[in-house]
2 protein chains.
Amino acid sequence: MRGGSASDAVGVLDRMTAILEAFDHDDRGLGISELALRAGLPKSTVSRLVATLVRQRYLERDGKHLRLGLRVFELGQLAEQPRDLRAAALPVMAELRHRTGGHVHLAIRDRHEMVCIAVMRGNAPAQPIARIGGRLPIHATALGRAVLAHASAASVDEAVAAGLTALTPRTITAPDALRRQLAAVRRSGIAVDVEEFAVGVSCAASPVFAPSGALVAALSVSGRTDRFDADATAAAVRDAAFRLGRRLGGDGPPRG
Amino acid sequence: MRGGSASDAVGVLDRMTAILEAFDHDDRGLGISELALRAGLPKSTVSRLVATLVRQRYLERDGKHLRLGLRVFELGQLAEQPRDLRAAALPVMAELRHRTGGHVHLAIRDRHEMVCIAVMRGNAPAQPIARIGGRLPIHATALGRAVLAHASAASVDEAVAAGLTALTPRTITAPDALRRQLAAVRRSGIAVDVEEFAVGVSCAASPVFAPSGALVAALSVSGRTDRFDADATAAAVRDAAFRLGRRLGGDGPPRG
DNA sequence: GGCGGCTGGTCCATTCAGTGGAACGCGGTC
DNA sequence: GACCGCGTTCCACTGAATGGACCAGCCGCC
């Protein structure tokens, strides 16, 4: 029983996670073979595990198409950190959208990536935005740099070690340039990204601190570069991030 | 290695689901012992499985408190059925809220329960509503009866067999009364619940059919009984449910 | 301080649940 | 008919999962 080829899964649970994470947001139903391929597991193993996951409603099957099931959706709604943050942030985000007209994002850090927790579409015409639950590179987005600027040196090293992949011609890829950027973000309280993540899109983000001083998230507004008033947007974002921070319950347990 | 005491879990995956489902929406962090108790599993087993789940980021640990992790949130956002439905429904729901002022819910059926997929708060003062991801009894809510009315007789039997629990003094608990209700819903196209689920709250719901004719969800508006205009609300809900159905992409694969 | 009760973590012999290659049945297309 | 891909099933093998017992730390109490 040697480990699978992908993500050196060893336990049953690791195999299961390999299966669940083989699902992508744009595929409508995977077959067993495709799933086994993506997860790097033998077909027979996948077939058996999938049967259990379907029984537990973590997967749904429609003929030979498998999809993520209702239970996963339900559980996802129970995750506290995203839920509490969203609840506190939605009014602030709505007002921020109203003030700026741009797309508003809230994201938290997960290792060397940012995970999008809430999105509010502005009246900018197109520019599809990071999905809720989607991941963004930490080095190439204002959201990421807003939190990275206030994180430990080790965190920055980790991000650098993960590779500063270029997503557009303007993406920062030099480690020392990134560090200089982060220092600037610390001074100004605002991180700005001009077409580093997607061509034609600019973004301003600010870190969100809980009353305890803990860094918990980042808030951003993005829009088309040609209509982007960086100064005004930055001021609005910084203000909103500050107000959001004050709304957070000291990040201690509210039920105690 | 006899099975655990709760939910006759036999495989590792079943044990894992028992652990994940031990989390409730209102507890802020569980310890290993409490978790083992709820899941009906030995502490040592829970301790080991939890370690893997934390490593895979399905759980997060903060000292001795365990919470559902980011990965669960991410995966939950990938579940297609809720995501597609929500996307199609949000504009319709917004307009429905605007027309009626009540709380708007969208739910789908899962066996003998309804799972809430989207919620939009109306301007009714209090009356907290079913959470997104929350479950509602199928027999005691307008949402549930709206879909049950158009489901197979076997489905109704299943719901009856699951037990018609009374939640308020007005909850329908007699199987034949329920069946008569369902026939009335079929005739009128609208299900109404007056304080059967919660005292002081009334609700009107309509089934949502895809263009293919498949029954996919239910849409509802709820509000305080003393301000509830059943006829006007019912008309608005029925209209919105019809328009939502037409927005659904024939429930075939949109990417083909 | 010493106790009892709680917490979570770790051992380790036992053994059963999980494994996966091979074989199978099915529904397509060439 | 041969072939290919699909998903499922079989079954001997074995190592991964098990869980009772034990250990260590923490807190409150007497």
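So you know, we letter chains A, B, ... as the sequences are listed, proteins then strands, and number each from 1.
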Check whether any side-chain N or O of [X] sits under 4.0 Å from OP1 or OP2 of [N], and answer yes or no.
| X | N | value |
| --- | --- | --- |
| Ser33(A) | dC6(D) | yes |
| Arg15(A) | dT19(C) | yes |
| Ser47(A) | dG7(D) | no |
| Arg48(A) | dT19(C) | yes |
| Arg61(A) | dT8(D) | yes |
| Ser44(A) | dG21(C) | no |

Whether [Y] and [X] form a salt bridge (side-chain N of Lys/Arg under 4.0 Å from carboxylate O of Asp/Glu) is what I want to check.
| X | Y | answer |
| --- | --- | --- |
| Asp84(A) | Arg67(B) | no |
| Asp110(A) | Arg135(A) | yes |
| Glu158(A) | Arg111(A) | no |

Legend entry - Terminal axes of the helix from dG1(C)-dC30(D) to dG27(C)-dC4(D) (five pairs each): angle between them, nearest 10 degrees: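 End-to-end axis angle: 30°.
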Please state how far atom [atom1] in [X] lies from atom [atom2] in [N], giving the value in whole angstrom units.
| X | N | atom1 | atom2 | answer |
| --- | --- | --- | --- | --- |
| Leu35(B) | dT7(C) | CG | C1' | 14 Å |
| Leu30(A) | dC6(D) | CG | C1' | 14 Å |
| His65(B) | dG8(C) | NE2 | P | 9 Å |
| Lys64(A) | dG27(C) | NZ | C1' | 7 Å |
| Leu49(A) | dG7(D) | CG | P | 15 Å |
| Leu41(A) | dT8(D) | CG | P | 15 Å |
| Leu66(A) | dC6(D) | CG | C1' | 13 Å |
| Asp14(B) | dA17(C) | CG | P | 12 Å |

Inset, instruction - Give me the one residue out of Leu13(B), Asp14(B), Leu20(B) that meets side-chain contact (heavy atoms from CB on, under 4.5 Å) with Gln56(A). - result: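 Looking at Leu13(B), Asp14(B), Leu20(B), the match for Gln56(A) under the side-chain contact (heavy atoms from CB on, under 4.5 Å) is Asp14(B).
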Inset, instruction - Using a 4.5 Å cut-off on heavy atoms from C-beta on, say whether the side chain of Val119(B) contacts that of Arg131(B). - result: no
Inset, instruction - Choose from dG18(C), dG8(C), dG7(D) the nucleotide whose nearest atom is closest to any side-chain atom of Val12(B). - result: dG18(C)
Inset, instruction - Could you work out which one of dG19(D), dT7(C), dT18(D) sits closest to the side chain of Pro42(B)? - result: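 For Pro42(B), the side-chain atoms sit closest to dG19(D).
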Inset, instruction - Could you pull out the closest heavy-atom pair between Leu182(B) and Arg145(B), with the gap in Å? - result: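 Taking Leu182(B) first and Arg145(B) second, the nearest heavy atoms are CD2-O, 3.7 Å.
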Inset, instruction - Check Pro207(A) against Leu215(A) and note the closest heavy-atom contact, atom names and distance. - result: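 Heavy-atom minimum between the residues: CB-CD1, 3.7 Å.
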Inset, instruction - Confirm from the modelled atom types if Lys43(B) and dG8(C) form a donor-acceptor pair under 3.5 Å, side chain to base only. - result: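 Side chain to base: pair present.
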